Amino acid sequence: MSKQVKTEQLIEQGEKNKQLQDCFIITPIGSPDSEIYKKTTGLLEAVIEPVLSKLGFKPVPAHHIASPGSIPKQILRHIVEDKLVIANLTGLNPNVMYELAVRHAVKLPLVMLAEFGTELPFDVKDQRTIFYSDTYVGVEACKKQLESAIELVLKENYEPENPIYDAIETNQIIKNITPESKEEYLVNRLDSIESTLGMLLKNQPKDDLPRMWAGDIGSKLNNYKLM
């Protein structure tokens, strides 16, 4: 390949990238010779980049930010301003979890990924997450799921859900409901928790199941009047 052809291809690619929207990638990085860096790079190149390119985006992980200035400020700017963010929770890196909370706080479209075997914290365990395996078959499956998830969260009528806004909404509801309806509200919330726990624990060994379900507690509340 001649230098001229290669240069023309690079210019064409550069112009194409300018037309793509930024999608910040919240991800663990690690040192260049670390296993986590190899896995992160593989996920970016094999899954995230081709899917984003197809949908009009380009991935912007922190270690690809080349602009001068404060890296933390640029990271936060991407997290709170980019139309789309993808978070790789594999390894539960503290920086990743902090950046995830910042994205939750602005309530903008977010897709979460994690390698199979990742035990998500209780706060985000019930949030929609794509679990993938680090294999060829797993990569192809993940690409399809990621594309579908991105299309879903970018729909005009999509309403993001996350622990921060769930807590805010609950607090506002409690403030505005009448004393007579507080009992019913709390019982419904307990029933919802029971349902969630049931889904999370249905594959657990029988000996690991809790002794009392939220519904049992809720039924007991029916015998009391809340002040």
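Residues: numbered from 1 along the sequence shown. It should be emphasised that the depicted structure is a prediction, and the values quoted were computed from it without experimental measurement.
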Asker: Does the pair K39/E115 count as a salt bridge with the N-to-O cut at 4.0 Å?
Answerer: yes
Asker: Does the distance from a Lys or Arg side-chain N to an Asp or Glu carboxylate O, for E49 and K58, drop under 4.0 Å?
Answerer: no
Asker: Under 4.0 Å between a side-chain nitrogen and a carboxylate oxygen: does that hold for K125 and E119?
Answerer: yes
Asker: Under 4.5 Å between side-chain heavy atoms, chaining through other members, with only Ile, Leu, Val, Met, Phe, Trp and Tyr counted: pull out the rest of the cluster around I25, sorted by chain and number.
Answerer: L43, L44, V47, I48, V51, L52, L55, F57, L84, I86, V111, L113, I130, Y132, V139, L146, I150, L152, V153, L154, Y158
Asker: State, with a plain yes or no, whether a side-chain heavy atom of Q127 is found less than 4.5 Å away from one of P163.
Answerer: yes
Asker: Per the salt bridge (charged side-chain N to carboxylate O under 4.0 Å, His left out) rule, what does the pair list look like for residues 78-89, sequence neighbours excluded?
Answerer: none
Asker: With a sphere of 6.0 Å drawn around CD of Q145, does it hold more than 12 non-hydrogen atoms of other residues, nucleotides or ligands?
Answerer: yes
Asker: In terms of side-chain geometry, is the basic nitrogen of K144 or E147 positioned less than 4.0 Å from the acidic oxygen of its partner?
Answerer: no
Asker: Do the non-hydrogen side-chain atoms of F24 and D22 ever get within less than 4.5 Å of each other?
Answerer: no
Asker: For K54, is the NZ atom crowded, meaning more than 12 foreign heavy atoms sit under 6.0 Å from it?
Answerer: no
Asker: In the single-linkage hydrophobic clustering (I, L, V, M, F, W, Y; side-chain heavy atoms under 4.5 Å), do I29 and L100 co-cluster?
Answerer: no
Asker: Is there side-chain contact between P121 and L92, with at least one heavy-atom pair below 4.5 Å?
Answerer: yes
